[in-house]
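What follows is a short report on a single structure.
Atoms within a ligand are numbered from 1 in the order they appear, just like the ligands themselves. Side-chain atoms are counted along with the backbone in the values below, which use heavy atoms only and exclude waters and symmetry mates.
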Amino acid sequence: MPTVLRIQGGRPLKGTIEISGAKNSALPLMVASLLTDKPLTLTNVPDLADIRTITQLLEMLGVTAQVEGNIRTLNAAHITSTTAPYDLVKTMRASVLVLGPLVARYGLAKVSLPGGCALGARAVDVHLEGLQAMGATCELEEGYIIARAPKGLHGAHFTMRVVSVGATENLMMAASIAKGQTVLRNVAREPEIIDLANCLNAMGANVQGAGTDTITIEGVPLLNGATHKVIPDRLETGSYAIAALITEGDLTLTNTSLEYLPMVRETLEKAGAIFEDHKDGFRIYRNGPIHGVDVMTEPYPGFATDLQAPFMALMGICEGASMITETIFENRFMHVPELSRMGANIQVHGASAMIRGVKHLSGAPVMATDIRASIGLVLAGLAAHGDTSISRLYHLDRGYENLEAKLQACGAVVERCKIDG
Ligand code: UD1
């Protein structure tokens with residue numbers, strides 16, 4: 001029997017939510033274990049489906065993984081395979097991150113092409129061009145990318161045509177054990193890139209400039225072990241900040257920081273949010289209506305594409321109207337028909353959506369299509385009059401740790417239930 005998330009909407013969320021470690025940091029950090037034959041210990045790792053998938057992939061390669069609560073210790077002393085199979089890569093595109101570290105350390109990597117996914121083509125061409133600049137040959141055979149560098153990788157100057165988070169991480173890891181200096185230009189500047197650079201440096205790498213658009217890496221033969229704490233999840237933080245606003249609630253989010261959300265803070269303030277800084281996080285609430293604000297998604301420090309769906313849910317109940325333009329991914333408006341089923345007034349024109357605020361949303365059965373669309377529907381359901389049931393929960397389980405418990409502790413009526421059919 002399929003499981004749905006059932007939400008009785010219309011209750012303001014009040015209380016404290018502890019934010020988990022960042023999934024999008026933890027994934028590349030776990031992959032960085034491939035760059036050393038010593039143990040890498042990561043703390044503040046969220047317990048999520050994607051984390052279990054990357055663990056499974058690393059174990060297939062011969063990495064041993066010890067799990068103790070939110071601590072993961074990974075040891076790649078005895079790698080037994082350099083192949084990332086289709087079954088795992090197709091469920092999580094971030095699996096492609098093993099390509100750079102494997103070819104850099106072992107001279108060979110065979111990684112299934114991720115293929116099309118719900119968010120459009122999502123190519124890996126920039127990852128491959130960067131590795132080729134570092135001396136690897138990349139071929140496509142039977143759906144697999146085969147990267148070879150029998151004599152190891154060498155440093156290179158490489159400018160990305162497209163700002164890609166994953167390619168920046170892949171190349172930064174590969175370059176950390178390549179021969180000589182690598183300079184990567186037009187790279188992603190996300191906080192998760194800085195977190196990875198900090199961890200690589202703690203492991204003995206020499207990575208400079210993370211957080212700017214140029215990263216310089218002096219290669220070393222092999223990295224050491226280290227212990228590193230994963231940064232807070234800024235996307236979970238932003239999602240719960242929006243939850244406070246959409247339900248007319250008052251939340252304190254802890255174990256996090258507004259430092260990672262400059263544009264989101266600015267946008268939510270324009271919409272009517274009041275933020276109060278706390279030592280270990282912040283409080284967010286509102287004293288009046290939500291105003292319509294126009295937003296365009298952009299690479300960091302711009303407005304995160306991953307918060308576009310939750311923000312659209314919020315704009316669904318704004319006073320006035322809002323234009324949201326998606327510039328990072330094609331097909332990232334799949335939540336629109338679902339929000340419309342809940343009474344939202346949204347017209348899509350190409351990469352832009354025009355949202356005219358309605359007084360209230362109404363509960364409805366809806367279907368999740370990706371991680372962030374799912375949380376957008378959860379937030380809409382929390383604010384809506386009546387009951388909402390959300391199906392295809394596996395998307396939500398990829399990105400939000402203890403979602404129901406966190407929401408229930410703040411007064412939400414939300415539960416998972418099995419349904420017929
Ligand atoms: C990461 C995040 C994801 C976020 C996205 C953009 C992780 C695990 N996932 O995904 O949550 O939504 O950044 O902030 O960190 N592109 C190419 N060629 C490439 C690589 C990318 O054309 O070789 C394009 C993509 O199709 C997309 C854009 O570049 O349109 C950005 O993609 P990218 O930054 O690579 O996203 P991910 O790293 O997959």
Side-chain angles (χ1 to χ4, degrees), residues 21-32 45-46 48-51 53-54 57 89-100 111 113-133 138 140 145 147 158-174 184 186-196 213 230-231 233-239 260-261 263-264 296-311 325-332 334 351 369-376 395 398-400:
K23 168 184 84 75
N24 286 357
S25 254
L27 292 172
L29 288 168
M30 289 172 73
V31 171
V45 178
L48 295 168
D50 274 11
I51 298 297
T53 304
I54 203 81
L57 172 57
V89 179
K90 75 172 185 210
T91 63
M92 192 184 64
R93 186 185 145 81
S95 310
V96 80
L97 291 173
V98 301
L99 188 67
V111 175
L113 258 185
C117 79
L119 296 181
R122 299 191 82 171
V124 291
D125 49 345
V126 179
H127 300 241
L128 304 188
E129 285 164 15
L131 291 175
Q132 282 164 340
C138 298
L140 188 66
I145 304 158
F158 178 69
T159 303
M160 290 188 191
R161 280 183 296 106
V162 178
V163 180
S164 160
V165 174
T168 304
E169 293 165 343
N170 221 336
L171 299 178
M172 202 161 81
M173 287 192 278
L184 302 174
N186 197 31
V187 295
R189 294 182 278 163
E190 267 69 358
E192 293 77 19
I193 305 281
I194 303 176
D195 201 26
L196 177 61
D213 63 4
V230 178
I231 57 168
D233 196 316
R234 66 194 164 93
L235 305 171
E236 188 195 23
T237 305
S239 303
Y260 305 118
L261 291 161
M263 189 55 82
V264 171
M296 184 183 286
T297 63
E298 284 174 313
Y300 191 85
F303 193 94
T305 173
D306 288 6
L307 290 173
Q308 183 255 102
F311 187 72
T325 304
E326 172 60 53
T327 72
I328 308 290
F329 291 115
E330 318 148 37
N331 304 352
R332 209 171 204 179
M334 282 178 304
T369 48
D370 67 65
I371 305 179
R372 309 303 167 182
S374 317
I375 196 73
H395 292 296
R398 290 184 56 195
Y400 289 85

Sequence neighbours excluded, which residues qualify as salt bridge (charged side-chain N to carboxylate O under 4.0 Å, His left out) partners of Arg189? none
Would you say that Arg93 contacts Asp50 through its side chain, given a criterion of any heavy-atom pair below 4.5 Å between the two side chains? no
If we set the cut-off at 4.0 Å for heavy atoms, which region of Arg332 has an atom near ligand 1: side chain, backbone, both, or neither? side chain
Specify side chain, backbone, both or neither for Thr305, according to which of its non-hydrogen atoms lie closer than 4.0 Å to ligand 1. side chain
Check Ala26 against Val230 and note the closest heavy-atom contact, atom names and distance. N-CG1, 4.0 Å
What is the distance from atom CG of Leu97 to atom CE of Met172, rounded to the nearest 0.5 Å? 10.5 Å
Hey, is Val126 touching ligand 1 through its side chain, its backbone, both or neither, going by heavy atoms under 4.0 Å? both
Listed by chain and number, what are the salt bridge (charged side-chain N to carboxylate O under 4.0 Å, His left out) partners of Glu190, not counting sequence neighbours? none
Out of Ala304, Ala123, Ser164, indicate the one that has the non-hydrogen atom closest to atom 19 (C) of ligand 1. Ala123
Close side-chain approach of Val31 and Glu169, heavy atoms under 4.5 Å: no
From CA spacing to verdict: side chain to side chain contact (heavy atoms under 4.5 Å, CB included), His127, Leu171: CA-CA 7 Å; His127 300 241; Leu171 299 178; 5.7 Å; no
Close-contact set for ligand 1 against Val162 heavy atoms, below 4.0 Å: 24 (C), 29 (O)
A student checking ligand 1 against Gly166 at a 4.0 Å heavy-atom cut-off should list atoms 35 (O), 38 (O)
Which is it for Asp306 and ligand 1 at heavy atoms under 4.0 Å: side chain, backbone, both or neither? side chain
Side chain, backbone, both or neither: Glu330 near ligand 1, heavy atoms under 4.0 Å: neither
Here the atoms of ligand 1 under 4.0 Å from any heavy atom belonging to His127 are 23 (O)
Which heavy atom in Pro299 sits nearest to a heavy atom in Val163, and how many Å separate them? CB-CG1, 4.2 Å
Using a 4.0 Å heavy-atom cut-off, say whether Ile328 meets ligand 1 through its side chain, its backbone, both or neither. both
Does Leu57 form a side chain to side chain contact (heavy atoms under 4.5 Å, CB included) with Ile54? I'd like the steps, not just the answer. CA-CA 5 Å; Leu57 172 57; Ile54 203 81; 4.3 Å; yes
Considering only heavy atoms of Asp125, which atoms of ligand 1 have at least one such atom less than 4.0 Å away? 17 (C), 18 (N), 19 (C), 22 (O), 23 (O)
Taking only heavy atoms of Val165, which atoms of ligand 1 are found under 4.0 Å from at least one of them? 1 (C), 13 (O), 33 (P), 34 (O), 35 (O), 38 (O)
N or O contact, Phe329 vs ligand 1, cut-off under 3.5 Å: no
Does Arg93 come within less than 4.0 angstrom of ligand 1, counting non-hydrogen atoms of the residue? yes
